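Working notes, beginning with the structure itself.
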Amino acid sequence: MHEMSLMESVVEIACETARANDARAIRSIRLDVGVLSHVNPDSLAFCYEAIRRGTLAEDAVLEINRIAGEGWCLDCGKTVALTERFGACPDCGHHRVQMTAGDELKIRDMEVI
């Protein structure tokens with residue numbers, strides 16, 4: 001389960017950032033997780049429950065925002081929705097689509113006290 005190591009990194013980054021800004025605790029963490037990122041949001045949430053214990057994020061609420069897959073079709077010249085990595089353009093059927101969203105995993109923001 002790679003979500004455990006991913007969440008360990010998220011909590012570590014959040015705690016380091018909070019300490020660098022003289023925060024006493026983290027109230028919330030918002031993550032953006034792309035639907036094409038191969039990261040399971042339920043697994044992330046499960047891992048978060050175990051990892052946050054004893055950290056500045058111990059009482060923080062985790063919010064996971066799902067980011068839709070999107071790409072730029074080089075043949076159509078427009079932005080299209082993607083439901084799979086390296087998928088065909090839903091409009092023209094060609095596979096010359098450059099993914100522009102949906103594979104991210106990033107901390108959107110966090111609230112500290």
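None of these values were measured; they are calculated from a predicted model.
Using a 4.5 Å heavy-atom threshold, the side chains of I107 and D109 count as separate. Looking at Y48 and I29, their side chains come closer than 4.5 Å, going by heavy atoms from C-beta outward. No side-chain heavy atom of V97 sits under 4.5 Å from any side-chain heavy atom of W72. Within the 4.5 Å cutoff, the side chain of K78 has heavy atoms near those of the D91 side chain.
Clustering ILVMFWY residues whenever any of their side-chain heavy atoms sit less than 4.5 angstrom apart, transitively, puts L6 in the very cluster that holds L31. V10 and I51 end up in the same hydrophobic cluster when Ile, Leu, Val, Met, Phe, Trp and Tyr side chains are linked at under 4.5 Å. There is no path of hydrophobic side-chain contacts, each under 4.5 Å, that joins L36 to L105.
Of all heavy-atom pairs between L44 and E3, the closest is CD2-O, 3.8 Å. Closest approach of L82 and A88 over heavy atoms only: CD2-O, 4.4 Å. Nearest heavy-atom pair across A60 and S28 is CB-N, 4.0 Å.
A donor-acceptor distance shorter than 3.5 angstrom exists from the side chain of H2 to the backbone of H38, with no hydrogens or angles considered. Using a distance-only test at 3.5 Å, with no hydrogens or angles considered, a donor-acceptor pair links the side chain of E104 to the main chain of G102. Formation of a donor-acceptor pair under 3.5 Å by the N21 side chain with backbone atoms of A23 is not found in this model. In this structure, S37 contributes its side chain and V33 its backbone to no donor-acceptor pair below 3.5 Å.
For the atom pair I13 CD1 and K106 NZ, the distance stands at 13.0 Å (nearest 0.5 Å). To the nearest 0.5 Å, atoms CE (M4) and SG (C47) are separated by 4.0 Å. The CZ atom of R27 lies 13.0 Å from the CE atom of M110; values are rounded to the nearest 0.5 Å.
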* Walk me through it: do C89 and D75 pass the test side-chain contact (heavy atoms from CB on, under 4.5 Å)? => CA-CA 9 Å; C89 172; D75 294 312; over 6 Å; no

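For E49, the salt bridge (charged side-chain N to carboxylate O under 4.0 Å, His left out) partners two or more places apart in sequence, or in a different chain, are R52, R53.
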Just list the side-chain donor-acceptor pairs under 3.5 Å for residues 61-71, sequence neighbours left out, or say none.
unit_1: N65; atom_1: ND2; unit_2: D32; atom_2: OD1; d: 3.4

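Other members of a hydrophobic cluster containing F86 are absent, since no ILVMFWY side chain comes under 4.5 Å of it, directly or through relayed contacts.
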